[in-house]
Amino acid sequence: MKTSRCLFTRLFADHKKVLLGLALPCLLAACAAPSIKPAASQIDRLHSFLIVPVQAPPLEVIPDLIERRDPAYRHAQNMAMGFALPTELYQTAGGIVIAGMVSDSQAADVDALTKAPPTASGAAENAELVWTPAKAAAQKLRGLLAAENRKGELSSDYYQLPAAGDASLQHWHQAIQAWYSQNTTPIDYAAKGSYDAVIEVGIGRYRIFEGQTSLQLLIKLIDPVSRNVIARTLSESFRVDDQALASLDNGGEAFKQLISDMAVPLLRQSLGDIGLRISPQANES
């Protein structure tokens with residue numbers, strides 16, 4: 001009887017994880033601020049853009065990667081119900097930042113996330129060393145704009161969020177939602193150069209869940225003079241692939257390419273939503 005009860009408890013806990021994974025995308029979309037679409041006359045005057053990647057949340061992986069790389073943890077899970085380690089931020093050999101569990105036996109094998117102090121510009125001193133999905137999407141955006149004879153310059157600084165260095169995905173989601181909901185920006189973009197508009201590129205949901213890789217892209221178009229947000233939209237998609245976890249191996253190059261590929265149709269959709277339509281023939285590279 002005790003064994004049956006334990007099995008039921010374990011199955012119920014697993015189902016809760018699945019239900020949470022299915023419900024979270026809907027909850028995030030429901031909590032998002034309403035989209036804003038500018039008048040066509042506003043868009044027609046925009047030809048040069050500063051593209052600013054927003055600091056991206058860490059990758060969420062379900063089940064946690066520790067179950068894949070640490071047999072000792074799996075053994076402990078089988079022996080003791082509810083055994084869990086604290087969630088921490090760590091960085092893979094390929095520079096992908098993940099929020100997950102790290103055991104004492106594996107800590108030496110994981111590249112620790114460098115907590116460099118922010119510079120005067122607001123970006124971490126080692127920001128250029130860290131790959132992020134927001135930066136990957138921003139680079140693709142620059143290519144799409146160039147294909148339409150629009151000038152896009154990629155900012156060397158990230159838009160920093162207060163959740164920096166935090167391993168709590170809930171805090172990251174709250175910070176992303178707060179940024180996306182802003183109707184004005186606190187950043188003086190006019191001081192950074194002469195641009196018709198600023199495009200901030202943010203990442204909402206970003207994870208691997210049971211072989212399904214999902215990405216949510218958030219775009220804000222900003223008037224650098226008034227600092228007002230003149231357009232705002234989000235798009236999202238997912239890919240199902242049995243090799244999703246394996247894509248993190250070998251420096252995560254396959255995973256990075258997947259995220260870049262997923263970002264392109266989302267960017268096309270988002271730009272179309274705010275009136276910056278991109279030709280289907282436009283090549284982002």
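None of these values were measured; they are calculated from a predicted model.
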Do Gln55 and Tyr159 have a side chain donor and acceptor closer than 3.5 Å?
no
For the atom pair CD1 (Ile219) and CG (Leu234), what is the distance rounded to the nearest 0.5 Å?
10.0 Å
Quick one, Tyr206 and Ile259 - any side-chain contact, counting heavy atoms below 4.5 Å?
yes
Short side-chain donor-acceptor distance under 3.5 Å, Asp166 and His171:
yes
Quick one: pull up OG in Ser260 and NZ in Lys135 and give me the separation to the nearest 0.5 Å.
11.5 Å
Pairwise distance CG(Leu248) to OG1(Thr92) - rounded to 0.5 angstrom
7.0 Å
Out of curiosity, does Leu59 fall in the hydrophobic cluster containing Leu215 (side-chain heavy atoms, cut-off under 4.5 Å, transitive links)?
yes
Between atom CZ of Arg277 and atom CZ of Arg268, what is the distance when rounded to the nearest 0.5 Å?
13.0 Å
Any Phe49 side-chain heavy atom under 4.5 Å of Arg142 side chain:
no
Among Ile222, Leu145, Ile274, the one residue meeting side-chain contact (heavy atoms from CB on, under 4.5 Å) with Ile199:
Leu145
In Å, rounded to the nearest 0.5 Å, how long is the span from CG of Asp261 to OG of Ser237?
10.5 Å
Please examine the side chains of Phe238 and Arg207, heavy atoms only from C-beta on, and report whether any two atoms are closer than 4.5 Å.
no
Distance only, no hydrogens: is a donor on one side chain within 3.5 Å (strictly under) of an acceptor on the other, for Tyr180 and Glu200?
no
From CA spacing to verdict: side chain to side chain donor-acceptor pair (under 3.5 Å), Thr213, Arg239:
CA-CA 5 Å; Thr213 303; Arg239 299 274 184 93; over 6 Å; no
Count the heavy atoms of every other residue, nucleotide or ligand shown that sit under 6.0 Å from CG of Asp44, and state whether that count exceeds 12.
yes
Summary of side-chain hydrogen bond (donor to acceptor under 3.5 Å, both in side chains) pairs that have at least one residue in residues 219-233, sequence neighbours excluded
Asn183-Arg232, Asp223-Ser226, Ser226-Asn228, Thr233-Asp273
Would you say Leu169 ends up clustered with Ile62 if hydrophobic residues are merged whenever their side chains have heavy atoms under 4.5 Å apart, either directly or through other cluster members?
no
